[in-house]
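Labels below follow one simple rule: chain letters A, B, ... track the order of the sequence lines, proteins then strands, and each chain is numbered from 1.
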Amino acid sequence: MLLDIDNLSLTITTNGLVNPILDRVSLSVDAGEVVGLVGESGSGKSTTARAVLRLYPETAAVEGSIRVGETEVLAASRADLHRVRSSEVAMIHQDPRAALNPVRRIGDSLTERLVHVLGFSRPAAAAAGLELLEAVGIRQPEERMRQYPHELSGGMLQRVVIAAALTGQPKLLLADEATSALDVTTQAEVLAILRDLQSRRGLGVLLITHDLHLAAAYCDRVYVMYRGRIVEELRGNDLFHGAQHEYTRQLLAAVPAIGHLPNSESRAS
Amino acid sequence: MSENALEVEGLQKAFRVGAGNVVACNNVNFAIPPGGSMGLVGESGSGKSTIARMLVGLETPDAGTIHVRGRQLGTRERGRAARLRRAKEIQMVFQDPYGSLDRRLTVAQCLDQAMKLHGVTSGTSRASRVSGLLDQVGLLAKHGESKPHQLSGGQRQRVAIARCLAIEPSVMVLDEAVSALDVSVQAQILALLNEIRASSGIALLFVSHDLAVVSEVTDDVLVMYRGSVLEQGNTSQVLNHPEHSYTKLLLSSMPGPCWNPKAVMQRRAAFEAEVAT
Amino acid sequence: MSSLSTPTLASTPVIGRKKRDVAYLVSLGFLLLVVAAALLAPWVAPYAANAVDFTAIWQAPGAGHLLGTDQVGQDLFSRLIHGARESLLGPLALLALATVFGVTIGTVAAWNGGWIDVVLARITDVMFAFPGLLFVVLVIAVFGKGPATAIVALALAYAPVIAKFTRSLALAEMTRPYVDAYRVQGVGGAFLCVRYIIPNLTPPLLGYLVVLFGEGLMSLATLSFLGFGAQPPSSEWGLMVQEGQSGIIQGHIWPTLVPGAAIAAVVVAVNVVGVRLSDRLNSRFER
């Protein structure tokens with residue numbers, strides 16, 4: 001198992017108020033698998049993803065276990081934690097502009113990690129950078145390497161971010177609403193590329209999203225989170241029809257969809 | 001034929017960007033009957049938000065006319081009376097429920113000031129109207145004393161809707177008004193808007209990138225791409241039997257049972273090639 | 001690290017907060033004491049401001065005279081207390097004047113842009129390039145010396161600085177959607193600025209003004225020291241420093257040190273309180 005979270009509980013105490021954020025969360029991601037984590041805002045899905053990299057406030061009380069490969073993240077030494085963060089797990093966020101330094105060229109952002117963390121020579125890093133940009137479907141990669149973030153569109157930038165995430169040859173990708181800010185056609189494009197990379201490299205992907213249709217259509221398995229708990233685990237295909245939990249059903253019922261136009265009565269008024 | 005709540009004819013707008021012009025809105029025409037509901041859909045850069053901003057007077061159109069209930073709106077209001085008259089015709093709910101409310105004012109103050117501005121002079125009648133508005137948008141009386149930061153996203157959007165209703169406009173523009181909300185909250189807000197439309201006869205214009213939302217709450221729809229309307233008509237007709245290749249592309253991009261991102265990529269490339277020629 | 005390496009959590013430094021708390025409370029307490037002394041000067045000062053006593057000149061601090069006496073035997077402690085009012089009211093007036101001008105110009109420049117903005121930018125550029133004191137001395141040379149002229153001259157020097165600060169705050173504020181929401185309601189530009197935008201700028205502005213108060217106090221004292229500001233027989237602190245100066249060569253440092261230290265202490269305390277105040281107001285507002 002690539003990622004194995006077992007009974008993870010996270011509590012934050014502020015001003016004497018005990019605030020449980022995660023409550024006995026268990027989930028797993030295998031190599032070559034795309035797993036969805038869905039829920040509404042405040043359900044704890046992002047906190048779960050950040051916990052995988054041990055990113056939570058120092059004041060948080062954490063229980064349970066998070067295993068990335070062989071490493072127990074919650075008890076890892078500094079060196080192990082650094083290895084997990086730098087080369088085993090990569091995280092992609094919603095806003096690609098926040099992930100890239102605005103005053104540096106795309107090429108520099110892309111290659112610096114290869115040079116400084118992984119010890120590539122500059123020419124080798126540049127070649128690897130070009131290859132990565134090609135891998136995420138960017139045409140004219142040489143030209144893109146010389147451009148600055150503001151010169152590229154959101155979809156293009158998110159591809160650059162994915163390319164950069166792959167520089168460390170991670171085994172697990174945490175995508176936190178990574179395509180939510182993109183137009184639908186761009187989102188489809190970015191996800192097609194991600195799917196392609198994922199199957200070729202055998203990556204495990206944890207896709208965090210509020211879009212239930214997307215989770216159902218894209219993920220092998222889907223976990224549904226509600227108020228810090230995982231309430232249900234389903235196959236992606238079964239999400240819309242096989243849900244057992246009352247919360248999941250209500251959530252699914254609230255999702256607008258084309259095809260059935262339920263307000264046809266009200267329009268008669 | 002009865003007069004329309006909103007009628008837009010030949011609307012035109014270009015922005016100067018660098019050396020060239022970007023056409024944000026190219027000869028756009030549409031009409032919404034009283035109590036009607038229309039969707040304006042498109043991706044970023046389609047010009048849909050520019051149209052919304054021109055309708056409420058935040059941008060000045062280069063050409064074209066906007067009529068509300070048969071009365072033409074000026075392109076640039078001069079003077080207090082003209083400004084207020086325009087505001088009385090069209091109101092808008094913004095996308096960002098966190099930023100579109102003044103963080104210094106309580107909900108009741110916010111509604112009170114909107115009414116005061118629009119000539120409701122009696123303090124007691126304003127106060128009673130505030131509680132009526134809160135009730136109408138599904139908020140409790142105690143929410144009147146809250147500041148925006150004490151409310152959830154859905155509650156804030158209800159306040160924004162109440163603020164529009166306080167001015168009693170003929171048309172309400174909703175610029176991505178539900179896209180920042182969770183689906184369950186989104187459903188509640190959409191239900192509220194449908195209710196308002198049915199009971200008050202206010203015409204709604206939904207500006208949105210989300211075809212599913214538009215399909216649920218609108219009678220008619222306009223599909224826009226780079227400032228131009230590519231397809232327009234009855235919502236269920238357009239979304240269930242699209243004619244334009246771009247509408248088809250948009251629909252096939254939406255994640256769903258038969259979604260194939262790779263096919264979308266090819267369709268999009270084909271469409272962009274078509275546009276280029 | 002790579003741009004993608006996960007960001008470390010910004011944990012607030014817990015150490016140091018206690019120290020800052022102490023500094024804040026001490027400063028606040030000190031300022032309250034100074035203000036109280038200024039208000040109650042006639043009652044709390046042991047001597048009159050100009051009570052000359054030739055039998056006790058140039059005394060070091062001691063039992064009879066708490067902080068010593070100057071070359072004509074005036075009690076330094078009493079002069080300090082009597083001078084506090086003028087020393088504190090001066091910068092207050094100066095700031096009030098500069099704020100009215102600065103905030104108006106800054107907001108108008110941000111809202112209208114265009115030529116007003118350009119003119120403001122040029123004026124501030126010139127002001128930044130031109131030594132402030134030189135400008136003030138110039139104004140005084142034209143209009144004659146005295147405390148009122150000094151205050152007006154300094155206010156003119158401070159106004160562009162405040163205008164520029166206000167402008168940048170207002171520009172950021174105007175991108176917030178609530179401003180568009182007011183415009184859609186039909187609120188006019190001037191009313192919108194005065195009624196809604198400026199009040200929303202007050203927290204950061206207030207913090208900045210408190211810091212400027214310290215600076216203003218120092219500038220006014222400097223002018224008095226140079227003889228352009230307060231005139232004898234006033235016991236304004238800058239003037240006291242100047243009057244005490246003659247004794248330094250003969251080894252009598254108290255008449256200079258006492259008012260000098262008072263200026264320094266008030267300025268430091270005001271800065272500490274100002275920074276804390278703006279932090280607190282900002283965090284309360286931003287939530």
Please look at [X] and chain A and tell me whether the side chain, the backbone, both or neither of the residue comes under 4.5 angstrom of a heavy atom of that chain.
{"X": "B/L190", "answer": "neither"}
{"X": "B/V264", "answer": "side chain"}
{"X": "B/Q266", "answer": "neither"}

> With distance as the sole criterion, is a donor-acceptor pair present between the side chains of A/T186 and B/R268 under 3.5 Å?
Replying inline: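 B/R268 and A/T186 do have a side-chain donor-acceptor pair below 3.5 Å.
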> Does A/T185 reach the side chain of B/F271, with side-chain heavy atoms less than 4.5 Å apart?
Replying inline: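 Contact flag for A/T185/B/F271 side chains = no.
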Evaluate whether atom [atom1] of [X] has more than 12 neighbouring non-hydrogen atoms of other residues, nucleotides or ligands under 6.0 angstrom away.
{"X": "A/R235", "atom1": "CZ", "answer": "no"}
{"X": "A/R221", "atom1": "CZ", "answer": "yes"}
{"X": "A/R139", "atom1": "CZ", "answer": "no"}
{"X": "B/E243", "atom1": "CD", "answer": "no"}
{"X": "A/E131", "atom1": "CD", "answer": "no"}
{"X": "A/R195", "atom1": "CZ", "answer": "yes"}

> Looking at CE of B/M265 and CG of A/L191, how far apart are the two atoms once the value is rounded to the nearest 0.5 Å?
Replying inline: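 It comes to 11.0 Å.
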> How many angstroms lie between atom CG of A/L182 and atom NE2 of B/H209, to the nearest 0.5 angstrom?
Replying inline: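 Result: 10.5 Å between the selected atoms.
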> Heavy-atom distance under 4.5 Å to chain B: side chain of A/D196, backbone, both or neither?
Replying inline: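 A/D196 touches chain B through side-chain heavy atoms alone.
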>> Which atoms of A/Q250 are under 4.5 Å from chain B, going by heavy atoms: the side chain, the backbone, both sets, or neither?
In response: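 The answer is neither part of A/Q250.
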Give the minimum heavy-atom separation between [X] and [Y], together with the two atoms involved.
{"X": "A/A257", "Y": "B/E216", "value": "N-OE2, 3.5 Å"}
{"X": "A/A188", "Y": "B/S253", "value": "CB-O, 4.5 Å"}
{"X": "A/P256", "Y": "B/A212", "value": "O-CB, 3.4 Å"}

> Do any N or O atoms from the side chain of A/E40 and from the backbone of B/S184 form a donor-acceptor pair under 3.5 angstrom?
Replying inline: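 Yes; at least one donor-acceptor contact below 3.5 Å.
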>> Just so I understand: if I count every heavy-atom pair under 4.5 Å between each of B/P255, B/C258, B/A269 and chain A, which residue has the most?
In response: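 If we count pairs closer than 4.5 Å to chain A, B/P255 comes out on top.
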